[in-house]
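Below: the structure, in structure tokens.
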Amino acid sequence: MNDQSGNLYIADAIIALSILFIAMLMMNSLISLPDSTYSDTSHNSQVSQDIMEILSGKVDFHDGTFLGEISEILRQNRNSEKSVREVSAICEDKFANFKLTNYSFVESNQLDGQVLAGSGDFTRAKNVSSASRNFGEYSYTLYLW
């Protein structure tokens, strides 16, 4: 008789532990779910950093960078209107390759915040991420929203 009641206690304990284990797994999954707004913000910020890294990086030691190329055009022509228009056209072509819809690319040191390329309505932007890089005396900032 003692043996039969012992089996009942073991079965009861296994069921209780199983329920407790399932409850702990459910609680853990609720705690570890990512917050979608945080991940969207982080993702947009990373995209702007990645694009600026591409623009300022070299493929090999003999290549120039995109930022170096446009900076050289501006420097050689002493930031003339013609050179700014030329650089703006180059920038718009480059950003068209990235297929960005809402962006603004600005030079803020030598050209006093002039927008070199842009698309979308910045006044309606809610979440703006930015990345900046300097090249010589020029400072470029990319805004994405």
Side-chain angles (χ1 to χ4, degrees), residues 6-145:
N7 286 336
L8 236 128
Y9 288 129
I10 290 173
D12 191 34
I14 289 174
I15 292 172
L17 288 173
S18 298
I19 292 172
L20 184 63
F21 181 70
I22 291 171
M24 286 176 51
L25 283 176
M26 289 174 56
M27 182 70 104
N28 187 30
S29 67
L30 288 175
I31 290 172
S32 65
L33 286 176
D35 182 17
S36 63
T37 58
Y38 174 73
S39 78
D40 288 345
T41 303
S42 175
H43 177 69
N44 287 340
S45 176
Q46 189 61 41
V47 169
S48 62
Q49 292 292 337
D50 288 345
I51 290 173
M52 283 302 278
E53 193 65 31
I54 290 169
L55 296 178
S56 63
K58 294 182 178 183
V59 175
D60 61 29
F61 292 112
H62 302 293
D63 286 341
T65 65
F66 177 78
L67 296 181
E69 177 186 333
I70 63 174
S71 297
E72 190 62 27
I73 292 170
L74 291 170
R75 187 187 62 76
Q76 284 180 350
N77 296 307
R78 295 186 178 96
N79 303 327
S80 68
E81 280 297 316
K82 181 183 175 198
S83 66
V84 171
R85 282 193 303 273
E86 181 182 349
V87 165
S88 292
I90 293 170
C91 290
E92 294 203 7
D93 288 342
K94 187 68 162 181
F95 287 112
N97 291 337
F98 290 129
K99 296 183 171 101
L100 299 174
T101 54
N102 296 315
Y103 71 93
S104 182
F105 186 64
V106 178
E107 197 294 316
S108 56
N109 192 29
Q110 295 293 314
L111 302 178
D112 296 324
Q114 185 167 2
V115 176
L116 298 175
S119 174
D121 187 8
F122 190 73
T123 59
R124 303 180 92 193
K126 292 182 181 174
N127 293 323
V128 179
S129 66
S130 66
S132 296
R133 296 291 186 277
N134 294 325
F135 195 91
E137 66 252 6
Y138 295 94
S139 178
Y140 301 99
T141 304
L142 174 65
Y143 299 99
L144 295 178
W145 63 94

[X] side chain near [Y] side chain, heavy-atom distance below 4.5 Å:
X    : Y    : result
I70  : F135 : no
E137 : R75  : yes
L142 : F98  : no
R133 : L55  : no
S139 : S108 : yes
S104 : W145 : yes
Q110 : R78  : no

Could you check whether any side-chain N or O of [X] sits under 3.5 Å from a backbone N or O of [Y], counting only pairs where one atom can act as donor and the other as acceptor?
X    : Y    : answer
S119 : T101 : yes
E107 : N109 : yes
N77  : I73  : yes

Quiz item: How long is the gap from CG on L116 to CD on E86, to the nearest 0.5 Å?
Solution: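 Between atom CG of L116 and atom CD of E86 there are 12.0 Å.
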
Quiz item: So how far is it from N134 CG to T141 OG1, rounded to the nearest 0.5 Å?
Solution: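 The CG atom of N134 sits 8.0 Å away from the OG1 atom of T141.
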
Self-check item: Candidate list S132, S56, S71, C91, test side chain to side chain contact (heavy atoms under 4.5 Å, CB included), partner Y140, passing option
Solution: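 The passing option is S71.
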
Quiz item: How are the rings of F95 and F105 set relative to one another: parallel (under 30°), tilted (30 to 60°) or perpendicular (over 60°)?
Solution: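 Aromatic pair F95/F105 classed tilted.
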
